[in-house]
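Predicted, not measured: the structure shown is a model, and the values here were computed from it. Lettering follows sequence order; numbering is per chain, from 1.
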Protein chains: 2
Amino acid sequence: MDNRFIKKLQGLAQLTANDKAALLDATSAPRAYAARQDLIREGDEPGPMFVVLEGWVCRYKILPTGTRQILAFLMPGDACDLHIKLLAEMDHSIQAITPSLVATVSRDRMNAMLDGHPNIAKAMYSAQLVDEGILRAWIVSMGRRSSTERVAHLICELYLRARSIGLTGEGHFDLPLSQLVLADALGMTAVHINRVLKELRLSGAMALNRGSVTILDPVKLIHVAGFDENYLHRRLRQAG
Amino acid sequence: MDNRFIKKLQGLAQLTANDKAALLDATSAPRAYAARQDLIREGDEPGPMFVVLEGWVCRYKILPTGTRQILAFLMPGDACDLHIKLLAEMDHSIQAITPSLVATVSRDRMNAMLDGHPNIAKAMYSAQLVDEGILRAWIVSMGRRSSTERVAHLICELYLRARSIGLTGEGHFDLPLSQLVLADALGMTAVHINRVLKELRLSGAMALNRGSVTILDPVKLIHVAGFDENYLHRRLRQAG
DNA sequence: CGTCACTTTGACGCTGGTCAACTTAGGTGG
DNA sequence: CCACCTAAGTTGACCAGCGTCAAAGTGACG
C-alpha cells in the first residue's frame, strides 16, 4: 500500500505475498525523527539497519575545519547498511533533513530475512548496487563537472528517484532541501548555488522555489547536466 | 603464500585451511593484462568477479567531453563486484594500469563459495564495506579538500593499503601511477598535480619520483592531508 | 639516436570562494 | 493581527585557486 520500501523493492525483484508480509512486519514500528536530528553519529557503534519510510535523510561527514560534506540522500523506500554491523564504528553520520519516519531492523532479523526470502535478498543486493553506482556518479560529478552541470545532474537524479517511488507530479516535485544543504552535497558554497540556480532559472531549464522544483525544459536540463538517461534505468536486469 | 587475495581476506575474518584452499583454487588460473588494457568496458554485460593478484587496476568513467574520472584503484588482493551480475550493464570501465595478473571467478562459483564458506562471505562483505567507505572518503576529498590536501590524502590512503598487503618498505612504496593518472583520480589537471607535488616535496612532507613515493615526514603529511589515521583501521571489528 | 610519453615551468584568465549587506519568508508570542 | 525573530535566500565586489595554453626538458626504449 503506501509502504515505499516494499514498493521500491518490488521494482527490483518479484516479491511474493509472503515476502511482502515479512517486509511489512519488519518495518511496522517506525520511529519519528525531527529535522536535523541524527539517526546515528560518526564514531558510534553501528546498530540496526535503517529503512526510511517518510521524509528525507542524508549521510554526511563533518571535517576538522567544520565544513560538511553530504554523501548521499535517502528518500522514502531507501535503506542503508546491509552488513554494517561488521564495522566497529560509523565513519559518517546519518541525519534527518525533514521530519521523518524511519524503521529499524535488527541485524538478526535482517539476516533471517535475507536467508528465508531469496527474493528480498536479491532486491536488496540490487538496491545496494544502485546505491554504489550513485556514489560513483557523485565522484564523477565532483571531479569532472562544472558547478552548473553538478546542480543540474543532481536534480535529474533526484527527480528520477522521486518518480520511481511515485513522488513526482507533472514536471515538478517536492525538494525540501535548502540551498545550504545542496551546497554541502555538491561541494560548493550556498552563495554559488544561489547563482547557479538563478542561471538555470533564467535559461529556462528549471526553477527551484519554496521546496519545489519545476522542470521547465527537460531536454535542456538533461543536456546541461550531461545526464545519462539510462543511468538509473537500464542498469538493472528485468525484475523477475 | 603470495596469494594476496587470501592474505587480505585473512585480515578481515578467520579463515580455515579449507577456506583458503577454496580461495586458492578459485584464483589459480589468472589472466595477464597489459598496461592500459580494459578488463571490461562501460556498457558491457557484467561478467565474472575480478580478483587482482598482481599489478594496479582502476575503475574509471569517460565523460562525453572526453575527460576521464578514475573512481577507484584496485591493488593486489582487491576484488570487485560481488553481486554485479544483477546489473544489466556496466556503468563504468575497469582497466589495468600496470601489467597485471587478474583471476576471474564465475558468479555460480562465487555464490557457491559464499554459501559454503561463511568466513569467506564475512570477509568479502567486510571488504565491500571498506571499499564503500573509500568511495565516501573520495567524495569528501573531492568536495571539501584543497588540491594539496587531496593529493596528500590519497597518498596516505594508498600507503596504508599497500602496507596492509606487505607492499611497502621503510617510509616508501612503489606507486606506478603517472601524474596524469593521479590527476584523473583527483579531479585535477596533470599540470596542477605537478605543482602540488613540487610543493609537497619542497615542504619536506613527501616526494614522488620514478614510480616510487618517499614519505619524508609522516606527521606533516598526515597533517596536511587531514587524514584520520583510523580511517582504514578501527573500522573493522576484531577479525575472528 | 630518434621517438614518444611523461614531467616541469611560466603566463594568463575563469570559475567559484569570501565577505558583507540586504531582502524575504515563516514561526512565535503578545 | 501585528511585532518580532530567525533561518534562508539574494546580490555585489573582490580575489585566489586551479585550469588552459604553450614550450622546453627528461628518460625509456627500440
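- Here A:Gly187 lies in heavy-atom contact (under 4.0 Å) with sugar-phosphate atoms only.
- Note that CZ of B:Arg31 is 8.5 Å distant from CZ of B:Phe50, once rounded to the nearest 0.5 Å.
- Between the side chain of B:Arg145 and the backbone N or O of B:Ala152, no donor-acceptor pair lies under 3.5 Å.
- In this structure, B:Leu208 places its CG atom 8 Å from P of C:dT7, rounding to the nearest Å.
- Under the 3.5 Å distance criterion, with hydrogens and angles disregarded, a donor-acceptor pair is assigned to the side chains of B:Asn3 and B:Thr27.
- Proximity of a side-chain donor or acceptor of B:Ser93 to a complementary backbone N or O of B:Lys61 within less than 3.5 Å is not detected.
- Which of C:dC19, D:dA8, D:dG19 sits closest to the side chain of A:Ser178 comes down to D:dA8.
- Within the 3.5 Å criterion, the main-chain N or O of B:Ile165 finds a donor-acceptor partner in the side chain of B:Arg4.
- A distance-only check finds a donor-acceptor pair linking the side chain of A:Asp217 to the backbone of A:Val219 [under 3.5 Å].
- Between A:Phe73 and the choices A:Asp78, A:Leu175, A:Leu154, A:Val52, the side-chain contact (heavy atoms from CB on, under 4.5 Å) rule is met once, by A:Leu154.
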Got a list of protein N/O to nucleotides 21-23 of chain C N/O distances below 3.5 Å?
none

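- Rounding to whole angstrom units, CZ of residue A:Arg144 and C1' of C:dT15 are separated by 15 Å.
- When heavy atoms are screened at a 4.0 angstrom cut-off, A:Val191 is found touching base atoms of the nucleic acid.
- Atom CZ in A:Arg145 sits about 18 Å away from atom C1' in C:dG16, given to the nearest Å.
- Looking only at atom types and distance, the side chain of A:Gln128 has no donor-acceptor partner in the side chain of B:Gln128 under 3.5 Å away.
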Are there any protein N/O atoms within less than 3.5 Å of an N/O atom in nucleotides 23-28 of chain D, and if so, which ones and at what distance?
none

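- Between A:Lys198 and D:dT10 there is no side-chain polar atom (N or O) within less than 4.0 angstrom of OP1 or OP2.
- Put simply, CG on B:Leu180 is 13 Å from P on D:dT20, counting in whole angstrom units.
- Contact check, A:Gln179 against D:dT10: a side-chain N or O comes under 4.0 Å of OP1 or OP2.
- When atom types are taken as modelled, the side chain of B:Arg150 and the backbone of B:Leu186 share a donor-acceptor pair closer than 3.5 angstrom.
- Here the side chain of B:Arg201 pairs no donor or acceptor atom with the backbone of B:Val196 at under 3.5 angstrom.
- The CD1-P distance, from B:Ile193 to C:dC6, rounds to 14 Å in whole Å.
- Not one N or O on the side chain of B:Gln95 forms a donor-acceptor pair closer than 3.5 Å with the backbone of B:Leu39.
- Comparing A:Arg150 and B:Leu177 by the nucleotide of DNA chain C that holds the closest heavy atom to each, the one mapping nearer the 5' end is B:Leu177.
- The stretch residues 185-197 of chain B participates, sequence neighbours left out, in these side-chain hydrogen bond (donor to acceptor under 3.5 Å, both in side chains) pairs: B:Ser147-B:His192, B:Gln179-B:Asn194.
- A side-chain donor-acceptor contact under 3.5 Å links B:Lys220 to the backbone of B:Ser203.
- Taken residue by residue, residues 58-70 of chain B places no heavy atom nearer than 4.0 Å to DNA chain C.
- Judged purely by atom type and a 3.5 angstrom limit, A:Ser164 uses its side chain to pair as donor or acceptor with the backbone of A:Arg161.
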Report each atom pair, protein N/O against N/O of nucleotides 14-17 of chain D, whose distance is under 3.5 angstrom.
none

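- Taking 4.0 angstrom as the limit, B:Asn194 places none of its side-chain polar atoms (N or O) nearer than this to OP1 or OP2 of C:dT7.
- Here the CD1 atom belonging to A:Ile40 is positioned 4.5 Å from the CE atom belonging to A:Met90, to the nearest 0.5 angstrom.
- Distance from the side chain of A:Arg36 is smallest for D:dA8 among the nucleotides C:dA20, D:dA8, C:dC6.
- Residue A:Leu197 is the one, among A:Leu197 and B:Thr148, whose nearest nucleotide of DNA chain D lies closer to the 5' end (criterion: closest heavy atom).
- Closest contact between the side chain of A:Met188 and the listed nucleotides C:dG17, D:dG19, D:dA22 involves C:dG17.
- Counting to the nearest Å, the P atom of D:dC18 and the CD atom of B:Glu149 are 9 Å from each other.
- Taking all atoms of both residues into account, the shortest heavy-atom contact from B:Asp91 to A:Gly133 is OD2-CA, 3.7 Å.
- Among the duplex regions that DNA chain C forms, those built from at least three successive Watson-Crick or G-U pairs under 3.5 Å are C:1-30 with D:1-30, ordered by first number.
- A:Phe227 and A:His153 have tilted rings, their planes meeting at an angle from 30° to 60° on a 0 to 90° scale.
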